Amino acid sequence: MNPLYMALLIVQGVLALFLIVLVLLHAPKGEGMGGIGGGATLFSAKRGAEAGLDRLTWSIALLFMAVCLVLGFGFVRPQ
């Protein structure tokens, strides 16, 4: 099996686990269905730690999606 393909599979698994942990670390907002319109976030501001956690979560999510696209479209083949 291609070593790059195996490395990407391992990276994908690690990113998935890290993303799960990051999502679980977020504070519950309690918006429910009211969050759809955006009115529930009117009076809430993000603190420093929460903003950093948000940025890290988005970064890991984008990396995860990039690895999924590389593996899904077959840019790296298992051979």
Side-chain angles (χ1 to χ4, degrees):
M1 199 168 259
N2 188 353
L4 181 59
Y5 183 79
M6 287 299 296
L8 283 174
L9 282 178
I10 292 170
V11 167
Q12 186 182 28
V14 169
L15 286 174
L17 290 175
F18 196 48
L19 189 59
I20 290 168
V21 169
L22 286 174
V23 168
L24 291 175
L25 283 175
H26 278 276
K29 304 287 189 283
E31 295 172 352
M33 292 295 284
I36 294 174
T41 61
L42 182 63
F43 299 110
S44 65
K46 292 183 181 176
R47 303 278 181 214
E50 189 175 346
L53 187 62
D54 256 359
R55 270 187 257 122
L56 184 60
T57 303
W58 276 105
S59 301
I60 297 298
L62 289 174
L63 280 173
F64 179 76
M65 286 189 284
V67 171
C68 286
L69 287 173
V70 167
L71 289 173
F73 281 115
F75 293 122
V76 178
R77 304 249 180 218
Q79 296 178 3

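None of these values were measured; they are calculated from a predicted model.
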Rounded to the nearest 0.5 angstrom, the CG-CD1 distance for L25 and I20 is 12.0 Å
Cluster membership besides L17, Ile/Leu/Val/Met/Phe/Trp/Tyr side chains within less than 4.5 angstrom, sorted by chain and number, is none
For the hydrophobic clusters of this structure (ILVMFWY residues joined by side-chain heavy atoms under 4.5 Å, transitively), does one cluster hold both L15 and V23?
-> no
Under a 4.5 Å side-chain heavy-atom rule over Ile, Leu, Val, Met, Phe, Trp and Tyr, are V14 and L8 clustered together?
-> no
For a quick test of your reading: what N or O donor-acceptor pairs under 3.5 Å do the side chains of residues 53-77 make, sequence neighbours left out?
unit_1: D54; atom_1: OD2; unit_2: K46; atom_2: NZ; d: 2.2
unit_1: T57; atom_1: OG1; unit_2: H26; atom_2: NE2; d: 3.0
unit_1: T57; atom_1: OG1; unit_2: L53; atom_2: O; d: 2.7
unit_1: S59; atom_1: OG; unit_2: R55; atom_2: O; d: 2.8

If Ile, Leu, Val, Met, Phe, Trp and Tyr residues are connected whenever their side-chain heavy atoms lie under 4.5 Å apart, and connections chain through other members, are M1 and L4 in the same group?
-> yes
